[in-house]
Amino acid sequence: MEMHQVRYFLAAARLLNFTRAAIECNVSQPSLTKAIQKLEDEFGAPLFRRERARTHLTELGKAMLPHLERSFEAAQTAKQMARGMGRAEIAPLTLGVARTVEHAMLERVLAELGQSLSGLELALANGSSRELIELAMSGSLDLIIVEMPDEAPERLDCWPLFADEWCIVTRSDHPFAAAPPASPAVLEEEAWIDLAGDGCATLARIATQVGAAIEVRHQAQGAMQLRQMVQAGLGCGWTPRSLAAPPLAATKLPFGSVETRFVLASVAGRRRSVAAEAFLRVARAQDWALANAVTKVAAA
Amino acid sequence: MNDYDNMMERLTPSPLPLGPQLAQIRRSHPDLGPFFDEIVIALRGAGVGASAPQVGEMFPDFSLPTVQGSYRRLGDLLDKGPVIVNFSRGRWCPYCVHEVSAWADMLPELAEAGVRFVEITGETGGGARALGDILAASPHADVAEVLCDVDHGVALSLGLAFFAGDPLLDFYQEIGLDMHALYGSPSGFLPVPATFAIDPAGRVRFAYADVDFRERAEPADVLAALREG
């Protein structure tokens, strides 16, 4: 397939009218029709169904639309990044990062992006995964890094980045650091610290399943605060392992494990800035699981 | 350099030609021949890859991410000398692995000629690292680089991206290749394997693009074209 064919296809798919699409693309309608037919030859079936009064996308056309859109955007980004490098064009990026995410790769990617796009204007937002998904859906955020929701909105594209296991976070002199809790009843004796309104939700659920009830007493607004509170001896935290930086200890729950898949997500079909497109592609090119493992080895 | 070093230099075996290696892979799966032939004929009929850059044309500039997390611009590499740009499908394709290995063997000659090698793959999630490792094994790995063409954008802009079609995609699924996981997308798009030698002015000196993924440009021919230019 060729760029102009895809460009004509995208215009025709948006306008559902070949005449208007041809005007928008600044070509004659026969040229546009011919280019789309060539694309259909390659796909082996029609992408449009043209009736007298209306033009529709076929099922194949509907299925291919997001992919053709994405590859077209990737091509544009590769060109713009080559042209824009070193130039002071303003490149805004609004990125939401869930409070449960701390990742060395994020820093590295942002650092490189800042170097490649001298006009980068980064607005970082923080929140729970649910809040960030809402902000993305409402158009306030270009991209979000969040916990994969059980039921993601249909229009939310999600690309898996890495998985992390939830752990009990304690001070290194806490009994859990030496031996994991022997029974669910032990969990009841601890004061728990809530991270940004999650209420230690999954831990509470597991505890309930095995007949125990945990007491969530303290509230932390972010990972840094939570670590400070744990270090101060106020109680135990329940977070992804990557948040439990030394000198704190992370202990796996012996009865019931919880793993979260973190994803990079964005609302499908919405126009994104060059910086957002560039971040999306460089982030997806990386092995985030590996980067996290490497950081841990370095820390240990 | 002393005489002994000179002698060792001359004794360095020239790399094995790629063509016979590819033919051997093909021979090891004779049953697949007619199936692949049919797909290749259909793609050629649809003109896939026909609009790729030709010798004498200017090669369009682009910038793509590396597996180290930075962006690399072709134009910046051309500032240092000629560049060979190679589009491959990925680490899962035996033809690509052999091709990249052949290029790894050629890196000393490339380094001597002041030529850089850029390998491009659409693999995501760090998958591009595998082809990079093949090149990294060479003592002249510093002249080679792997870039990630996520969503096949640059391939598309060169007329090298195509929809693989259900027969081929079904076949890959049957043999356990998860294209969605490899490319981070269920699009079913693949790049046409292609090789371009570009001079520092950005002009194409050698061009190869063939939908028949079982055939590749012979590395020695590509370098020879740059030397003649």
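Lettering follows sequence order; numbering is per chain, from 1. Small disclaimer: the values here were computed from a predicted structure and weren't measured.
Atom OG of B:Ser157 is separated from atom CE of A:Met3 by 6.0 Å, given to the nearest 0.5 angstrom. Rounded to the nearest 0.5 angstrom, A:Leu39 CG and B:Phe162 CZ are separated by 14.0 Å. To the nearest 0.5 Å, atoms CD (B:Gln68) and CZ (A:Arg108) are separated by 8.0 Å.
Smallest separation of non-hydrogen atoms from A:Lys38 and B:Ala46: CE-O, 4.3 Å. Contact record, B:Val67 with A:Ala285: CG1-O, 4.0 Å, taken as the closest heavy-atom pair.
One finds a salt bridge joining A:Arg284 and B:Asp151 here, because a Lys/Arg side-chain nitrogen approaches an Asp/Glu carboxylate oxygen to under 4.0 Å.
Atom CG of A:Asp150 sits in a sparse spot, with 12 or fewer heavy atoms from other residues, nucleotides or ligands closer than 6.0 Å. The 12-atom threshold is exceeded at CZ of A:Arg270, counting heavy atoms of other residues, nucleotides or ligands nearer than 6.0 Å. Heavy-atom contacts from other residues, nucleotides or ligands closer than 6.0 Å to CG of A:Asn26 number 12 or fewer. A 6.0 Å sphere centred on CD of A:Glu121 holds more than 12 heavy atoms belonging to other residues, nucleotides or ligands. Annotation: A:Glu107, atom CD; neighbour count of heavy atoms from other residues, nucleotides and ligands within 6.0 Å does not exceed 12. Under a cut-off of 6.0 angstrom, the local environment of CD in B:Glu38 is sparse, with at most 12 non-hydrogen atoms contributed by other residues, nucleotides or ligands.
In this structure, B:Ser185 and A:His67 have side chains that are in contact, with non-hydrogen atoms separated by less than 4.5 Å. Using a 4.5 Å cut-off on side-chain heavy atoms (C-beta onward), A:Arg83 and B:Asp61 make no contact. Side chains of A:Met1 and B:Phe189 form a contact here, defined as non-hydrogen atoms less than 4.5 Å apart. Between B:Tyr71 and A:Leu113 there is a side-chain heavy-atom pair separated by less than 4.5 Å. Looking only at side-chain heavy atoms (C-beta outward), B:Phe62 and A:Lys79 stay at 4.5 Å or farther from each other.
Of the atoms belonging to A:Ala278, heavy atoms from both backbone and side chain fall under 4.5 Å from chain B. Using a 4.5 Å cut-off between heavy atoms, B:Pro60 does not touch chain A at all. Looking at A:Leu68, both its backbone and its side chain come within 4.5 Å of chain B, counting heavy atoms on both sides. Using a 4.5 Å cut-off between heavy atoms, B:Leu64 touches chain A through its side chain atoms alone. With a threshold of 4.5 angstrom between heavy atoms, B:Ala128 does not approach chain A through any atom at all.
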Original post:
Yes or no on side chain to side chain contact (heavy atoms under 4.5 Å, CB included) for A:Val6 and B:Leu156, after CA distance, side-chain angles and deciding distance?
Top reply: CA-CA 9 Å; A:Val6 177; B:Leu156 170 63; 3.8 Å; yes
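By number of non-hydrogen pairs under 4.5 angstrom with chain B, the leading residue of A:Arg281, A:Arg70, A:Gln76 is A:Arg281. When each of B:Cys148, B:Gly165, B:Gly69 is checked for heavy-atom pairs under 4.5 Å with chain A, B:Gly69 comes out on top. The candidate from B:Gly153, B:Gly125, B:Gly126 with the greatest count of non-hydrogen atom pairs under 4.5 Å with chain A is B:Gly125. Among B:Ala161, B:Gly75, B:Ala155, the residue with the largest count of heavy-atom pairs under 4.5 Å with chain A is B:Ala161. Contact tally against chain B (heavy-atom pairs below 4.5 Å) for A:Phe43, A:Trp159, A:Phe72: the top residue is A:Phe43.
With hydrogens and angles ignored, the 3.5 Å screen pairs no side-chain donor or acceptor of A:Gln115 with any backbone N or O of B:Ser70.
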